[in-house]
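What follows is a set of notes on a single structure, which appears directly below.
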Amino acid sequence: MDISCIVVPFIAVVLLSTQVVVWGKENTAKHSSGTGADNSRKTEAGQSDTGTADREEKDGAGAGKKDSGKELEMFQRIFLQKRSQQHSAIQDIFDKYNHEQQFKLIDLLLDKMQEILTESKQTLTGSGFQPGMPFPTHQAIKDSLSLLLENLAFLGDIVLRLPDITHSLYSKKKELREVVRWAVTYAEQTGFYDDTHKKLMNLMSQELRLIKRDPDYVNPFKREEVAEPTPPKKKKEKKPKKKGPRISRGEL
């Protein structure tokens, strides 16, 4: 089964490269040597440089906020493009594969998702980036956060559209369950999801029972019973019964 067309958008390896714009100014101070008048001008220039440095420091802080805002805008734009790819991928899973093929495909995707989320967690926690901070501009942190948000959203699609298969596999993957629980909390606390994806996280959390289900929660894609495909059972050979002495009714 050729699944490359589905795996690629899921893994999110086609990360569009982003150029971080560095805001700042280059200033050079002219120095001269010579008479006492020159030294006096040096002192004045030094005081001027100090003031300029203070202004640049303030400008740099403001520029940092601008950088973060630009990176967030770029992420949101690319995020929606990738979500479009993921929606097409999940529809392909529905339309082009039977139940047994879907089962194998989802198993593969969940394993890859566990790998991606685990790596993202290690990078983000190791970098000290915490939810509530502005969107990162450091490339490695930015990429890890983007991968987490993108793939977690795709997991939401899988869980809600193929709940029976997902539950059958998810229940057996302890490490995946642990990293997903962490990732959902982390992603929600960053505040970078829009309202649509906040709702997606809520519904996925209910489906996976990460949170208590609402009394009226219903997943229309859930079937009553869809079991994991199992190999056909071998028929047991009937052993011939040994005939022994019997008591006839006339003897009683």
For a side chain to side chain contact (heavy atoms under 4.5 Å, CB included) check, start with the C-alpha distance between T190 and F135, then their side-chain angles and the critical distance, and finish with the verdict. CA-CA 9 Å; T190 63; F135 196 85; over 6 Å; no
Evaluate whether atom CD of E175 has more than 12 neighbouring non-hydrogen atoms of other residues, nucleotides or ligands under 6.0 angstrom away. no
I'd like to know if F94 and I106 are part of one continuous hydrophobic network [Ile/Leu/Val/Met/Phe/Trp/Tyr, side-chain heavy atoms within less than 4.5 Å]. yes
Search all heavy atoms of L110 against all heavy atoms of Y170 and return the closest pair with its distance. CD1-N, 4.5 Å
Residues which pass ring-ring contact (aromatic ring centres under 6.0 Å, His included) with F129, listed by chain and number, not counting sequence neighbours: none
Determine whether Y186 and M133 fall in the same hydrophobic cluster, where Ile, Leu, Val, Met, Phe, Trp and Tyr are linked whenever their side-chain heavy atoms lie under 4.5 Å apart. yes
Distance-minimising heavy-atom pair for T125 and W182: CG2-CZ2, 4.0 Å
For a 4.5 angstrom cut-off between non-hydrogen side-chain atoms, does K173 reach D107? yes
Measure the spacing between CD of E100 and CD1 of I165 and express it to the nearest 0.5 Å. 10.5 Å
Evaluate the side-chain proximity of E150 to L147: yes if any heavy-atom separation is below 4.5 Å, no if none is. yes
Where the side chain of N219 meets the backbone of F221, is there a donor-acceptor pair that is under 3.5 Å apart? yes
Out of curiosity, E178 CD to Q114 CD, how far, rounded to the nearest 0.5 Å? 9.0 Å
Distance from L155 atom CG to L208 atom CG, nearest 0.5 Å? 6.5 Å
Provide the closest heavy-atom pair for H197 versus A153 in the form atom of the first, atom of the second, distance. CD2-CB, 4.0 Å
Would T185 and L210 count as a side chain to side chain contact (heavy atoms under 4.5 Å, CB included) if you check the C-alpha gap in whole Å, the side-chain angles of each, and the deciding distance to 0.1 Å? CA-CA 10 Å; T185 301; L210 300 178; over 6 Å; no
Residue pairs passing the salt bridge (Lys or Arg N to Asp or Glu O under 4.0 Å) test with at least one member in residues 191-210, sequence neighbours excluded, are E207-R213
Within this structure, what is the CE-CG distance for the pair M201 and L152, rounded to the nearest 0.5 Å? 4.0 Å
Smallest separation among heavy atoms of S68 and P134, with atom names: OG-CB, 3.2 Å
One should read off an interatomic distance between T196 OG1 and R83 CZ, to the nearest 0.5 angstrom, of 9.5 Å
Backbone N or O of L124 within a donor-acceptor pair of the S127 side chain at under 3.5 Å? yes
To the nearest 0.5 Å, atom OG1 of T166 lies from atom CD of Q102 at 10.0 Å
Aromatic ring proximity, centroids under 6.0 angstrom, F75 and F192: no
Could you tell me which non-hydrogen atom of L148 sits nearest to which non-hydrogen atom of Y193, and how far apart they are? O-OH, 4.4 Å
Quick one: does any side-chain atom of T123 pair with a main-chain N or O of E119 as donor and acceptor, under 3.5 Å? yes
Determine whether a donor-acceptor pair (N or O, by modelled atom type, separation under 3.5 Å) exists between the side chain of Q101 and the backbone of N98. yes
Under 3.5 Å donor-acceptor, S120 side chain and S144 backbone: yes
Would you check if the side chain of S168 reaches a backbone N or O of D164 as a donor-acceptor pair within less than 3.5 Å? no
In sequence, state the C-alpha distance, the side-chain angles, and the governing distance for R161 and D157, and then conclude on salt bridge (charged side-chain N to carboxylate O under 4.0 Å, His left out). CA-CA 6 Å; R161 294 290 298 274; D157 295 336; over 6 Å; no
Might you work through the side chain to side chain contact (heavy atoms under 4.5 Å, CB included) test for L203 and Q206, ending with a clear yes or no? CA-CA 5 Å; L203 293 174; Q206 290 189 65; 4.2 Å; yes
Should L80 and L149 be counted in the same cluster of Ile, Leu, Val, Met, Phe, Trp and Tyr side chains packed under 4.5 Å apart? yes
Restricting to non-hydrogen atoms, name the atom on M113 and the atom on N151 that form the minimum distance, rounded to 0.1 Å. CE-O, 2.5 Å
